[in-house]
Amino acid sequence: GSYRNIILNNPRKRNALSLAMLRSLRQDLLHDVKSKDLRVIVISAEGPVFCSGHDLKELSSEDDVKHHSQVFEICAEVMTLIQKLPVPVIAKVNGLATAAGCQLVASCDIAVASEKSQFATPGVNIGLFCSTPAVALGRSLPRKVALEMLFTGEPLSAQEALMHGLISKVVPEDKLEEETMKISHKICESSKSVLALGKATFYRQITQDLDTAYKLTTQVMVDNLTLRDGQEGIEAFIQKRKPVWSH
């Protein structure tokens with residue numbers, strides 16, 4: 001199985017999520033996503049800033065409300081799309097992630113960051129509260145940590161981000177590639193169809209109450225057993241051999 005690297009590549013603009021950048025990110029995420037080969041998507045960035053969030057030039061009063069709506073709508077679409085994709089999406093962060101850039105990290109399934117990375121929602125300091133980033137932040141961080149970030153704009157260090165659950169792993173910068181690849185390779189060993197079912201179900205059940213969540217997942221376990229790869233995996237385990245996935 002293969003993984004796709006999506007690289008935010010406008011370091012001069014600190015990889016700002018301009019309308020053009022968001023459109024091309026959406027296109028890259030959706031490209032051939034049903035292909036049997038694609039197993040993992042890794043989002044990384046060129047330069048010292050992972051992503052600085054929205055391009056503020058696009059949010060000045062020179063542009064009309066319609067344009068502003070477009071920017072935030074496509075941004076929300078991209079952030080929710082990440083969780084709807086059938087493959088795991090990993091953020092590989094080396095540097096600063098602020099505002100919608102921090103939202104992007106929070107929206108990925110897994111996030112690996114170098115020790116020098118930092119995470120902030122500083123919109124409040126320029127009079128534009130990070131209300132949309134707060135959706136992703138408030139769903140991956142304890143409320144009081146998210147609100148301190150949102151009210152002060154002060155950054156979290158990589159270690160703090162790890163401690164509070166914004167990211168999955170912190171590694172030295174020279175180990176970032178290796179660690180991300182390790183996770184990707186591990187994911188590639190599993191069945192694509194099983195992972196797709198698992199990911200979709202995870203995000204559905206996580207917002208539900210306990211009883212509903214168990215009802216939903218109980219049915220999904222039963223459905224999982226009807227998948228060819230579900231049966232293959234169990235047979236392989238019983239026969240003490242490696243499974244051969246059909247995906």
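FYI, the numbering just counts along the sequence from 1.
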Working for side chain to side chain contact (heavy atoms under 4.5 Å, CB included), residues Leu29 and Arg4
CA-CA 9 Å; Leu29 286 166; Arg4 172 178 308 148; over 6 Å; no

Give the C-alpha distance, both sets of side-chain angles, the deciding distance and a yes or no for side chain to side chain contact (heavy atoms under 4.5 Å, CB included) between Leu195 and Val87.
CA-CA 7 Å; Leu195 276 172; Val87 296; over 6 Å; no

Test side chain to side chain contact (heavy atoms under 4.5 Å, CB included) on Ile74 and Gln70 and set out the steps.
CA-CA 6 Å; Ile74 186 171; Gln70 233 181 347; 5.9 Å; no

Worked check of side chain to side chain contact (heavy atoms under 4.5 Å, CB included) between Leu96 and Ser52:
CA-CA 7 Å; Leu96 184 64; Ser52 60; over 6 Å; no

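Under a 4.0 Å N-O distance rule, the pair Lys92/Glu179 does not qualify as a salt bridge.
At a threshold of 4.5 Å between non-hydrogen side-chain atoms, the residues Ile187 and Ile110 count as touching. Gln219 is listed as a side-chain neighbour of Val222, based on a closest heavy-atom distance under 4.5 Å. The closest side-chain heavy-atom distance from Asp28 to Ile41 is not below 4.5 Å. Counting heavy atoms from C-beta outward, Leu141 and Met149 have side chains that approach closer than 4.5 Å. Annotation: side chain of Tyr203 is in contact with side chain of Asp109 (closest heavy-atom distance under 4.5 Å). Residues Leu166 and Leu137 have side chains in contact (heavy-atom distance under 4.5 Å, counting atoms from C-beta outward).
Within 6.0 Å of atom CZ in Arg241, more than 12 heavy atoms from other residues, nucleotides or ligands are found, so the atom counts as buried in its surroundings.
Residue Val78 is tested with Glu73, Gln103, Arg26 for a side-chain contact (heavy atoms from CB on, under 4.5 Å); the sole match is Arg26.
The backbone N or O of Lys192 lies less than 3.5 Å from a partner atom in the side chain of His247, making a donor-acceptor pair. The backbone N or O of Ser157 sits less than 3.5 Å from a side-chain atom of Glu160, completing a donor-acceptor pair. Panel note: side chain Trp245, backbone Gly233; no donor-acceptor pair is recorded below 3.5 Å.
Aromatic ring orientation, Phe151 versus Phe129: tilted (interplanar angle from 30° to 60°).
For Arg204, the salt bridge (Lys or Arg N to Asp or Glu O under 4.0 Å) test picks out no residue, with sequence neighbours left out.
The list of ring-ring contact (aromatic ring centres under 6.0 Å, His included) pairs with a residue in residues 9-68, not counting sequence neighbours, reads His54-Phe72.
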